Every structure is written in structure tokens, then in C-alpha cells.
Amino acid sequence: MKNQALKILTLCVLVSSAMSLKLYAQKGPNHSEIEAKMIKALEWQEAHPIFALAPTDWTEGAYYIGVSRAHKTTQDMMYMAALKNQAYWNNWQTYSRLHHADDVAISYSYIYIGMNDKRPGFVNLEPTKKFLDAHLYEDDEWKAGTDKSASGKTILWWWCDALFMAPPVLNLYAKHTNQPKYRDEMHKYYMETYNQLYDKEERLFARDMRFVWKGTEKDLKEPNGKKIFWSRGNGWVLGGLALLLDDMPNDYKHRPFYENLFKDMASRILELQPKDGLWRTSLLSPETYDHGEVSGSGFYTFALAWGVNNGLLDRNKYEPAVKKAWKALADCQHEDGRVGWVQNIGASPEPASADSWQNFGTGAFLMAGSEVLKLEE
């Protein structure tokens with residue numbers, strides 16, 4: 001009798017859990033719960049600063065893009081306070097490598113502040129303008145095509161991460177200053193990266209030319225024989241596309257290209273989503289590191305939710321995947337607010353752990369939450 005009772009109890013628990021998951025997928029998380037988790041993530045990250053090179057580097061740039069998007073959705077002054085503090089202490093500077101797309105990512109937050117704070121003399125976008133003008137219009141080794149390394153450093157944005165770092169800044173700067181020339185230059189260099197790194201069959205971006213197959217024995221492969229497509233690398237691109245489209249004029253002549261690329265990549269990312277909601281660090285070889293990863297998954301969740309909220313992606317098809325992904329992301333947050341399971345700084349698929357964290361992972365988490373909040377309940 002005891003065994004029978006135990007079996008019945010176990011069955012009831014399983015049925016109850018399945019019903020709870022189904023209900024969650026239908027209704028999604030409570031808005032107040034999402035907002036609370038986002039604020040906890042912000043507070044923990046602000047109390048535990050980290051960067052790769054400097055407080056103006058790309059890791060901080062990605063984090064504060066997340067803070068900007070969180071403020072845009074919630075209008076919570078906690079986010080704006082964090083944005084203004086870092087901009088002031090950074091003296092509105094970019095990082096130093098004017099040819100390197102990574103080093104202007106921080107300017108997204110500066111421009112966002114400028115669009116939302118009208119006090120005369122507070123915001124200084126001159127360092128951003130100086131960077132963008134040098135980046136776009138001055139000669140450098142990469143533009144000249146003289147670097148013959150295997151990574152393919154013969155174009156300005158030779159690595160796919162760059163499509164998150166510089167294009168959204170250029171696009172937002174063009175919008176804020178009403179200078180469309182910056183958007184047109186952005187498109188020119190974006191197309192170079194697209195033509196060099198986008199795999200039309202897989203609908204994914206190689207991280208750089210090392211991972212583009214050339215039909216030789218030297219082609220890099222996963223253990224299962226498939227091409228290597230890095231989750232966060234493609235997260236940079238898809239998340240960047242959502243940022244671009246959000247601030248790009250509807251009548252911009254090249255907008256259809258970005259919309260079509262966004263939808264093509266989104267459909268592939270949806271196909272590759274594991275059952276537990278979180279994407280693996282290697283998209284075509286999930287068994288290589290068989291655990292979810294937060295930074296790539298956070299960018300995907302943000303982008304797919306943005307696509308649903310803005311009518312580019314079918315709600316019935318994509319919304320359940322977004323809600324499942326957010327629940328999995330939320331489960332990666334520690335009680336103190338720290339967001340774990342973030343792959344460390346890198347350029348290819350690597351493992352993560354519950355205790356691995358980075359500021360850009362928190363940024364991806366905030367970006368995801370900012371759009372999940374907008375889903376219809």
C-alpha cells in the first residue's frame with residue numbers, strides 16, 4: 001500500500017509540475033517579478049564592477065546598453081542613475097582604439113542619456129563624434145587589407161561581434177543628431193561583414209574567417225563534424241539587429257535588408273532552441289558543452305521578444321519560446337542578484353558554470369527582461 005501511495009503521490013507531483021509549466025508558458029511571468037529580478041541584477045552588478053580593459057571598454061558598453069533598454073521600458077530612475085554615474089565618471093569618453101568597433105559600444109549609453117536628459121551642458125557627445133569620424137573616415141590597416149592573418153582582418157568589422165558594438169551606436173547617433181550620413185556609412189561596412197561572414201545555408205554568422213569553411217582539410221569543425229557557430233557571437237548579431245531596427249527609420253532605403261536578415265536569423269535560432277529554453281555555447285554541437293549559457297540566450301530572448309512586440313515575428317510561434325527562455329534565464333540568477341552561467345570573454349564556444357558571471361551577461365539579462373515585460377499577458 002505504501003508503494004502504491006508513493007507512486008500516486010509522485011504522479012500527482014509530475015502532473016502538477018507539467019500543468020504549472022504549461023500555465024507559465026501561456027501566461028508568462030508576473031511583471032513585478034521580472035522588474036524585481038532586473039533591479040536585483042542591476043544592484044549586484046553595480047556593486048561588483050568588472051571590465052576587461054577599462055571602464056569604457058566593450059564589456060561595460062554591452063552592460064550599459066542593457067541598462068539603457070531597461071530604463072527605456074520601465075522608466076525606473078535606478079537605471080538612469082546608474083547610466084549617468086558611469087557617464088560622468090567616464091567623462092563621456094570612449095576607449096582608445098579608434099579603429100576598433102568594440103571601443104565605441106559605451107557611447108550607446110551616452111547617446112541614450114542625451115536623448116532623455118535635456119539639461120544644458122550635462123551630456124558631452126564630442127568624444128563619441130571624434131571616435132565615429134575617425135572610425136568611419138580615416139584609413140587604417142584593416143581597411144587597407146594589409147593584415148593577412150587567418151581571422152580575415154581585411155575589413156573594418158572583421159568579427160561578427162562588431163555588429164553589436166558599432167552599428168547600433170552609429171544608427172542611434174544618426175537619429176539623435178539628424179545626420180543620416182552616419183547610418184549610410186554604417187550600412188556600407190555592415191554589408192562587408194555580412195558578405196564575409198554570413199552563412200546563407202545555416203542562416204548564422206561565423207565569428208571570423210577562421211570558422212568559414214573553404215572546402216579544405218584545414219576547415220575547423222565541431223567533434224560531430226559540423227561547422228562551428230558560437231552562440232554569443234550570433235547573439236551579438238541578432239541582438240544588434242533588434243537594436244538597429246528599433247531606431248532605424250521605417251522609410252530607410254536599406255531597412256528591408258535588416259528586417260529580412262533579422263527574420264532569417266530568428267527562424268534559425270528558434271529551430272536551435274533546446275527544450276530547457278537556453279541555447280548552448282555551440283549552436284550546431286550542443287552536446288559539446290551540454291548546458292545553457294546566459295549571454296547568448298539573453299540576446300536571443302531580447303531579439304525574439306522585440307520581434308514579437310514589433311510585429312516582425314509571429315506571436316503564436318515565437319512567444320512560447322521567449323517565455324520559456326526567460327524562465328530559464330531567471331533560474332540562472334542567484335539569490336543575491338548575480339547572474340550566473342555566463343561564458344567568459346572569448347571568441348568561440350567554451351563552457352560556463354553557475355558561478356561564472358560577466359557584466360555583459362548582466363546586460364543581456366536586462367535586455368531580455370526589458371522586452372519580455374512588453375509581452376501581452
Side-chain angles (χ1 to χ4, degrees), residues 57-59 61-63 65-66 69 94 97 99-108 111 131-132 135-136 142-143 151-175 182-200 202-212 228-248 252 254-266 268-269 283 295-296 298-300 302-304 306-307 312 345-348 360 363-364 367:
D57 70 21
W58 65 270
T59 68
Y63 167 54
I65 288 175
R69 299 299 302 193
T94 64
R97 302 170 297 180
H99 67 293
H100 205 300
D102 285 1
D103 293 355
V104 78
I106 193 69
S107 287
Y108 187 98
I111 301 167
F131 186 107
L132 295 179
H135 190 68
L136 295 176
W142 295 344
K143 290 178 186 175
S151 298
K153 300 178 182 180
T154 56
I155 58 175
L156 182 60
W157 299 334
W158 53 266
W159 70 113
C160 73
D161 322 24
L163 299 183
F164 181 94
M165 306 299 169
V169 173
L170 285 158
N171 186 52
L172 194 63
Y173 186 79
K175 177 181 180 179
Y182 289 99
R183 185 178 295 111
D184 291 336
E185 287 294 301
M186 178 275 293
H187 178 70
K188 179 179 75 175
Y189 289 116
Y190 198 107
M191 291 304 300
E192 288 184 349
T193 310
Y194 170 83
N195 289 329
Q196 183 157 299
L197 298 181
Y198 187 60
D199 188 317
K200 293 182 179 179
E202 293 292 349
R203 288 168 284 153
L204 297 168
F205 275 81
R207 196 275 175 175
D208 55 61
M209 283 298 293
R210 293 173 299 163
F211 302 100
V212 175
I228 300 173
F229 287 106
W230 181 33
S231 179
R232 186 163 70 232
N234 281 275
W236 289 128
V237 179
L238 192 60
L241 278 167
L243 291 174
L244 278 175
L245 289 166
D246 198 50
D247 288 305
M248 185 176 285
Y252 181 55
H254 297 301
R255 185 181 176 95
F257 164 79
Y258 294 97
E259 288 189 355
N260 290 333
L261 179 59
F262 175 82
K263 289 186 284 189
D264 285 347
M265 287 191 71
R268 184 59 168 141
I269 292 305
L283 291 175
S295 61
F299 291 131
Y300 295 146
F302 163 72
L304 298 183
W306 183 90
L312 266 71
I345 295 171
S348 62
F360 52 80
M367 289 175 70

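From a predicted model like this one, the values you see are computed outputs, not experimental measurements.
Judged by distance alone, the side chain of Q196 and the main-chain N or O of G152 form a donor-acceptor pair under 3.5 Å. Remark: side-chain polar atoms of Y108 are not paired, donor with acceptor, to backbone N or O of L172 under 3.5 angstrom. Put simply, the side chain of D246 never gets that close to the backbone of A242: no donor and acceptor are under 3.5 Å apart.
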Quiz prompt | ring pair (Phe, Tyr, Trp, His ring centres under 6.0 Å) between Y198 and F205, worked out | solution = CA-CA 4 Å; Y198 187 60; F205 275 81; 4.9 Å; yes
Practice problem: Show your working on salt bridge (charged side-chain N to carboxylate O under 4.0 Å, His left out) between R203 and D264 and close with a plain yes or no. | Solution: CA-CA 6 Å; R203 288 168 284 153; D264 285 347; over 6 Å; no
Quiz item: Given L238 and F299, is the side-chain contact (heavy atoms from CB on, under 4.5 Å) satisfied, shown in steps?
Solution: CA-CA 7 Å; L238 192 60; F299 291 131; over 6 Å; no
Practice problem: I would like to know whether V104 and H135 meet side-chain contact (heavy atoms from CB on, under 4.5 Å); could you show each step before the answer? | Solution: CA-CA 9 Å; V104 78; H135 190 68; 5.9 Å; no
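Here the CE atom belonging to M265 is positioned 4.5 Å from the CG atom belonging to N234, to the nearest 0.5 angstrom. Going from atom NE2 of H99 over to atom CH2 of W157 covers 14.0 Å, rounded to the nearest 0.5 Å. One finds the CG atom of L204 at 13.0 Å from the CD1 atom of I228 (value rounded to the nearest 0.5 Å). Considering CG of L261 and CG of L241, their distance stands at 5.0 Å, rounded to 0.5 Å. Taking NZ from K188 and CD1 from I155, the interatomic distance works out to 12.5 Å, rounded to the nearest 0.5 Å. Interatomic distance, D161 CG to R207 CZ, rounded to the nearest 0.5 Å: 4.5 Å.
Between S107 and T94, the shortest heavy-atom distance links the atoms OG-CG2, 3.4 Å. Minimum interatomic distance between M248 and N171 (heavy atoms only, all atoms of both residues): N-ND2, 3.6 Å. Here the closest non-hydrogen pair linking P168 and L163 is CD-O, 3.6 Å. The minimum heavy-atom distance linking A347 with R210 is given by the pair CB-NH2, 4.0 Å. The minimum heavy-atom distance linking W306 with R69 is given by the pair CD1-NH2, 4.2 Å. Between A101 and A166, the shortest heavy-atom distance links the atoms CB-CB, 3.7 Å.
With contacts defined as side-chain heavy-atom distances shorter than 4.5 Å, the pair L244/M186 qualifies. Residues Y189 and L170 fail the side-chain proximity criterion, which asks for heavy atoms closer than 4.5 Å. Between D102 and R97, some side-chain heavy-atom pair lies under the 4.5 Å cut-off. Between Y190 and Y258, some side-chain heavy-atom pair lies under the 4.5 Å cut-off. By the 4.5 Å heavy-atom criterion applied to side chains, I269 and L283 are counted as neighbours. When side chains are defined from C-beta on, D184 does not count as touching H187, because their heavy atoms never get closer than 4.5 Å. Using a 4.5 Å cut-off on side-chain heavy atoms (C-beta onward), F360 and W236 make contact. Using a 4.5 Å heavy-atom threshold, the side chains of L312 and L245 count as touching.
A ring-ring contact (aromatic ring centres under 6.0 Å, His included) with H100 is found for exactly one of W158, W58, W142, namely W142.
A cation-pi arrangement is present between R183 and Y252, with the terminal nitrogen or guanidinium carbon under 6.0 Å from the aromatic centre and inside a 45° cone about the axis.
In terms of the side chain to side chain donor-acceptor pair (under 3.5 Å) criterion, residue partners of D247 (sequence neighbours excluded) are, by chain and number, K175.
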